Chemist: 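First, the structure itself, so that you have it in front of you.
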Amino acid sequence: MLPVVILAGGLGTRMRQFGENVPKALLDINGEPFIGHQLRLLQKNGIRHAVLCIGHLAKQIEAYTGDGARFGMKIDFSYDGPSLLGTGGAIRKALPKLADAFFVLYGDSYLTCDFAAVQKIFQTNGKKALMTVLKNEGRWDKSNVEFADGKIAVYDKKLDSPAMKHIDYGLGLFKRSVFETLPEGTKIDLASIYQDMLSAGELAACEVPDRFYEIGSPQGLLELRTYLAGKS
């Protein structure tokens, strides 16, 4: 399985009510920090190498995860530095630690999809990038993808269109060449990278059937706690 980049460098301002000096990745989920649940899920899916892009309260995250051995994984760290680089810029900075292709996962997402199946579609398709999408219809967040016949027609987080029935599920795959063209220190969000790949005809798509879970909002935190309690 390909390695994964976990984007965990955000400030987590919406979640500070749950811990002013605790990074979002370490928020308690049923007695264990969130990132522990996330890493064990990735390991279960066959992923053995993760690169954590971290910034805010980074040392706490590094102290908890260590080198990843207790999760059956190898963990490397890439630091934003004195200024936030955005999600795309953070991946650019992490390239020296990455292979020729890799998954990208947000640091507040818990995704139960079949990672091996997604990877197979990416490798078979041959495009430079892949976005997973979910038929959302406004249920869990604002839909932002027009998707039909296995292809993404439009992706825009700011556009409000009735034709948008799907949502960016939160898991992507990229060839490193996508980011190698960016100058070092570039500040750019991943959404812009996806849009560039779509415009260039280099964005494949994989529709997944299961909803996503996240801890980016108080409601999402509650839903994930409930879901995992039912799995135990």
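Being a predicted model, the structure only gives us computed values, none of them experimental.
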Chemist: How close do Leu182 and Val178 get, heavy atom to heavy atom, and via which atoms?
Modeler: CG-O, 4.4 Å
Chemist: Please round to the nearest 0.5 Å and tell me the distance separating atom NE2 of His166 and atom OG1 of Thr132.
Modeler: 11.0 Å
Chemist: Checking the side chain of Arg176 only, and the main-chain atoms of Leu98 only, is there a donor and an acceptor separated by less than 3.5 Å?
Modeler: yes
Chemist: With rounding to the nearest 0.5 Å, note down the distance linking CH2 in Trp140 to OH in Tyr213.
Modeler: 8.0 Å
Chemist: Met131 and Val154: same hydrophobic cluster, using ILVMFWY side-chain contacts below 4.5 Å?
Modeler: no
Chemist: Going hydrophobic residue to hydrophobic residue with side-chain gaps under 4.5 angstrom, can you get from Leu41 over to Ile215?
Modeler: yes
Chemist: Apply the test ring-ring contact (aromatic ring centres under 6.0 Å, His included) to residues Phe34 and Tyr64: give CA-CA distance (whole Å), side-chain angles for both, the deciding distance (0.1 Å), then the verdict.
Modeler: CA-CA 11 Å; Phe34 170 74; Tyr64 174 73; over 10 Å; no
Chemist: Do Leu111 and Met73 land in one hydrophobic cluster if side-chain heavy atoms of ILVMFWY residues count as linked below 4.5 Å?
Modeler: yes
Chemist: Please evaluate residues Phe71 and Gln43 with respect to the criterion side chain to side chain contact (heavy atoms under 4.5 Å, CB included), reporting the C-alpha separation (whole Å), side-chain torsions for both, the decisive distance (0.1 Å), and the verdict.
Modeler: CA-CA 7 Å; Phe71 298 102; Gln43 199 275 347; 5.6 Å; no
Chemist: Going from CD on Gln60 to OG1 on Thr65, what distance comes out if it is rounded to the nearest 0.5 angstrom?
Modeler: 12.0 Å
Chemist: Backbone N or O of Cys113 within a donor-acceptor pair of the Asp210 side chain at under 3.5 Å?
Modeler: no
Chemist: Under 4.5 Å between side-chain heavy atoms, counting indirect links through other Ile/Leu/Val/Met/Phe/Trp/Tyr residues: same cluster for Ile188 and Leu85 or not?
Modeler: no
Chemist: Answer yes or no: is there a side-chain heavy-atom contact under 4.5 Å between Gln195 and Asp156?
Modeler: yes
Chemist: Side chains of Asp28 and Val22, heavy atoms from C-beta outward: is any pair under 4.5 Å?
Modeler: no
Chemist: Can you name the closest pair of heavy atoms from His37 and Leu228 and give their distance?
Modeler: ND1-CD1, 3.6 Å
Chemist: Look only at the side chain of Asp114 and the backbone of Ala116, and say whether a donor-acceptor pair between them is shorter than 3.5 Å.
Modeler: yes
Chemist: Below 4.5 Å, heavy atoms only, C-beta onward: do Leu52 and Ile75 meet side chain to side chain?
Modeler: yes
Chemist: Side chains of Phe179 and Thr186: closer than 4.5 Å at any heavy-atom pair?
Modeler: no
Chemist: For Gly138, does its backbone N or O pair with a side-chain atom of Ser143 as donor and acceptor, under 3.5 Å?
Modeler: yes
Chemist: Is it true that Asp108 and Lys24 make a salt bridge, defined as a side-chain N closer than 4.0 Å to a carboxylate O?
Modeler: yes
Chemist: Any non-hydrogen side-chain atom of Val104 less than 4.5 Å from a side-chain atom of Leu7?
Modeler: yes
Chemist: Heavy-atom count around Lys74 NZ within 6.0 Å, excluding the residue itself: above 12?
Modeler: no
Chemist: Are the ring centres of Phe115 and Phe103 closer than 6.0 Å?
Modeler: yes
Chemist: Are any side-chain N or O atoms of Asn144 and backbone N or O atoms of Leu159, one a donor and one an acceptor, separated by less than 3.5 Å?
Modeler: no
Chemist: What distance separates Ser217 OG from Asp141 CG, expressed to the nearest 0.5 Å?
Modeler: 8.0 Å
Chemist: Would you give the length of the straight line joining atom CD of Glu180 to atom NZ of Lys175, rounded to the nearest 0.5 angstrom?
Modeler: 12.0 Å
Chemist: For Lys93 and Tyr79, indicate whether the former's side chain and the latter's backbone hold a donor-acceptor pair under 3.5 Å.
Modeler: yes
Chemist: Could you walk me through whether Leu42 and Val4 pass the side chain to side chain contact (heavy atoms under 4.5 Å, CB included) test, one step at a time?
Modeler: CA-CA 9 Å; Leu42 292 170; Val4 63; 4.0 Å; yes
Chemist: Answer whether the closest heavy-atom distance between the side chains of Lys135 and Ile167 falls below 4.5 Å.
Modeler: no
Chemist: Under a 3.5 Å distance rule, please check whether Thr124 uses its side chain to pair with a backbone N or O of Lys120 as donor and acceptor.
Modeler: yes
Chemist: Check the hydrophobic clustering (I, L, V, M, F, W, Y; side-chain heavy atoms under 4.5 Å; chains of links allowed) and say if Ile47 and Ile61 are grouped together.
Modeler: yes
Chemist: Are Val118 and Leu130 packed together at the side-chain level, in the sense that at least one heavy-atom pair is separated by less than 4.5 angstrom?
Modeler: yes
Chemist: Hey, what do you get for CG (Leu2) to CZ (Arg48), rounding to the nearest 0.5 Å?
Modeler: 13.5 Å
Chemist: Donor-acceptor check, side chain of Asp80 to backbone of Cys53, threshold 3.5 angstrom: yes or no?
Modeler: no
Chemist: Where is the tightest heavy-atom contact between Ala229 and Asn30, given as atom of each residue plus distance?
Modeler: N-ND2, 3.5 Å
Chemist: For the pair Glu202 (side chain) and Lys127 (backbone), establish whether a donor and an acceptor sit closer than 3.5 Å, ignoring hydrogens and angles.
Modeler: no
Chemist: Determine whether Phe174 and Leu190 make a side-chain contact, defined as any pair of heavy atoms from C-beta on separated by less than 4.5 Å.
Modeler: yes
Chemist: Measure from the side-chain N and O atoms of Asp67 to the backbone N and O of Ala69, and report whether any donor-acceptor pair falls under 3.5 Å.
Modeler: yes
Chemist: Ion pair present between Glu32 and Arg40, side-chain N to carboxylate O less than 4.0 angstrom?
Modeler: yes
Chemist: Check Arg211 with Glu223, please: is the shortest side-chain N to carboxylate O separation under 4.0 Å?
Modeler: yes
Chemist: Run the ring-centre check on Phe102 versus Phe122 and record whether the distance is less than 6.0 Å.
Modeler: no
